[in-house]
Asker: 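Below are the structure tokens for one structure; questions will follow.
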There are 2 protein chains.
Amino acid sequence: MDKLAAVKSVMFFDGLPEEKFNKLPDISIVKKYRKGETLFVADVLANGFFAPIKGRVKIFRTSPSGKEQILHVFGPGEAFGEVPVFEGGTFPANGQAIEPCEALFFPRRDFKNMIKEDPDLAMKMMAMLSQKLRILVNKIDDLSLKETPARVASYLLLLRSSQDSDTFKLDLPKGQIAFYLGTIQETLSRIFKRFTEQGIIALNGNEITILDMDQLKDIADEGR
Amino acid sequence: MDKLAAVKSVMFFDGLPEEKFNKLPDISIVKKYRKGETLFVADVLANGFFAPIKGRVKIFRTSPSGKEQILHVFGPGEAFGEVPVFEGGTFPANGQAIEPCEALFFPRRDFKNMIKEDPDLAMKMMAMLSQKLRILVNKIDDLSLKETPARVASYLLLLRSSQDSDTFKLDLPKGQIAFYLGTIQETLSRIFKRFTEQGIIALNGNEITILDMDQLKDIADEGR
DNA sequence: CGAGAGCCATGACTTAGGTCAATTTATCAA
DNA sequence: TTGATAAATTGACCTAAGTCATGGCTCTCG
């Protein structure tokens with residue numbers, strides 16, 4: 001994939017006038033990462049803005065004791081790393097490739113200039129930041145007000161909503177899903193088991209089938 | 001306080017050129033709320049941007065079973081409610097006055113225009129959004145990776161850092177602090193008791209004294 | 001002043017979910 | 001294919017923290 005095509009695949013730049021668009025490849029750099037490689041570390045000086053064009057990246061924090069909380073997983077078309085561009089200069093969390101990965105990287109300075117000169121791009125950026133705020137508020141709500149089975153059910157419903165069938169594959173290894181949901185493998189495994197025994201889902205490896213959508217929805221909003 | 005003075009007290013507008021500044025009172029409305037009054041409700045159409053000039057407002061979500069999670073408490077000089085201006089049109093959480101409160105309200109449309117025409121204001125807005133993202137990421141980290149005593153200790157250290165003495169008053173009723181920390185009154189009460197027994201703090205009503213700063217810091221980063 | 005309302009403390013009890021450890025099952029490179 | 005490494009399951013156990021219930025204290029308002 002050439003750089004211009006790569007830039008085109010980034011949702012964030014959609015609708016940008018041609019002449020601005022053509023500048024983007026010049027101010028960006030293609031970076032490659034292998035599976036498990038670190039893109040950046042929390043609290044160290046970074047000057048971000050990444051847009052993956054292949055593979056996915058997880059954004060996460062870890063506790064001193066090693067437990068991990070995944071905040072988000074970003075794939076092609078999405079973008080991340082804006083925070084240090086505008087404030088603080090450091091990234092609030094860690095970024096690591098969970099798959100072999102290629103990403104466009106926009107150095108802080110040039111990108112900041114560009115956004116300063118283009119009100120539409122600025123408005124898009126504010127929308128993106130706002131959307132991420134909304135997502136994090138929901139995550140806090142989930143973590144502090146819902147119990148784990150409800151979070152698991154919501155997650156399955158979310159996956160389902162971007163599929164065309166009640167049978168689909170989990171998008172991450174189970175251990176990673178657990179970290180995304182603020183829990184651990186063992187707990188997730190037990191919840192899957194219980195859902196299976198109750199005839200709500202069927203699970204075969206990483207392929208899952210939703211058998212009782214209504215009950216799953218009930219559980220997702222805490223209906224027990 | 002007249003409107004111009006009120007606008008001046010909002011940090012967010014700091015450094016704005018005179019002529020833009022003078023437009024602000026025209027596009028804003030002063031709203032008053034009594035203690036406990038609701039400013040807005042999550043998920044209903046809002047077109048926000050509030051800047052309190054007197055009193056504080058809590059931003060929170062509640063679970064179906066009634067438990068509350070406070071996301072933030074905003075007071076004079078700060079601003080909130082930007083999310084629906086740029087994205088979605090609804091507020092992600094509820095806002096309620098915890099004290100008699102006066103706030104400037106900037107209707108979406110005018111404010112959006114203003115920000116579109118002023119790159120510096122836009123940059124400030126992006127910085128503010130980024131900062132809030134950072135705060136929420138930290139909150140998620142706290143909620144999912146730390147246990148309650150560590151969160152309590154961090155909270156006390158945070159309060160201390162904006163005071164000039166090791167003795168100071170809690171800024172909220174204890175029940176509200178509990179909700180801010182993602183727990184409940186009883187648990188907080190027990191933790192305060194334990195800290196007191198261990199000689200880490202002394203508590204008298206809502207006046208607290210930090211007796212052993214080192215130990216408090218240890219607990220804050222999970223040192224147990 | 002006295003009655004009610006809110007706030008806080010504390011005890012008894014329950015439970016969700018984490019830890020540890022032992023196996024089983026996949027995955028993948030050689 | 002096989003051996004090795006990682007991922008997932010499952011059981012036994014433990015504990016942080018939530019629920020429920022009671023009682024005291026403080027403040028306000030009639």
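Here the structure is a predicted model, which is why all the values come from computation and not from measurement. Here is how names work: the chains are called A, B, and so on, in the same order as the sequence lines, proteins then strands, and each is numbered from 1. Basis for what follows: all heavy atoms, side chains included, without hydrogens, waters or symmetry-related copies.
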Asker: Is the side chain of Ser63(B) donor-acceptor paired with the backbone N or O of Ser65(B) at a distance under 3.5 Å, no angle test?
Answerer: yes
Asker: Going 5' to 3' along DNA chain C, which nucleotides are the first and last within contact of chain B (any atom under 4.0 Å from a heavy atom)?
Answerer: dC8(C) to dA12(C)
Asker: Please give, in whole Å, the distance from dA8(D) C1' to Leu170(A) CG?
Answerer: 12 Å
Asker: Taking salt bridge (Lys or Arg N to Asp or Glu O under 4.0 Å) as the test, write out the residues that go with Lys58(B), two or more places apart.
Answerer: Glu68(B)
Asker: I need the CD-P distance between Glu186(B) and dG23(D), as an integer number of Å.
Answerer: 16 Å
Asker: Is a salt bridge present between Lys54(B) and Glu99(B), judged by a nitrogen-to-oxygen distance below 4.0 Å?
Answerer: no
Asker: Please compare Thr187(A) and Gly205(B) by the position of their nearest nucleotide in DNA chain C and report the one closer to 5'.
Answerer: Gly205(B)
Asker: Are the charged groups of Lys132(A) and Glu82(A) less than 4.0 angstrom apart, N to O?
Answerer: yes
Asker: Over its full length, what angle do the end axes of the helix from dC1(C)-dG30(D) to dA30(C)-dT1(D) make, each axis taken from five pairs and the result rounded to 10 degrees?
Answerer: 50°
Asker: Give the rounded distance in Å between these two atoms: CD of Glu197(A) and C1' of dT10(D).
Answerer: 12 Å
Asker: Whole angstroms only, please: what is the CD1-P distance between Ile184(A) and dT15(D)?
Answerer: 16 Å
Asker: Is a side-chain N or O of Thr62(B) found less than 3.5 angstrom from the main chain of Gly66(B), in a donor-acceptor match?
Answerer: no
Asker: Measuring only between side-chain heavy atoms, which start at C-beta, is Ile98(A) closer than 4.5 Å to Val73(A)?
Answerer: yes
Asker: Check whether any side-chain heavy atom of Leu188(B) sits under 4.5 Å from a side-chain heavy atom of Thr148(B), and report yes or no.
Answerer: no
Asker: Can you tell me the distance, in whole Å, between the CG atom of Asn206(A) and the P atom of dA7(D)?
Answerer: 14 Å
Asker: Any salt bridge between Asp141(B) and Arg61(A), counting N to O under 4.0 Å?
Answerer: yes
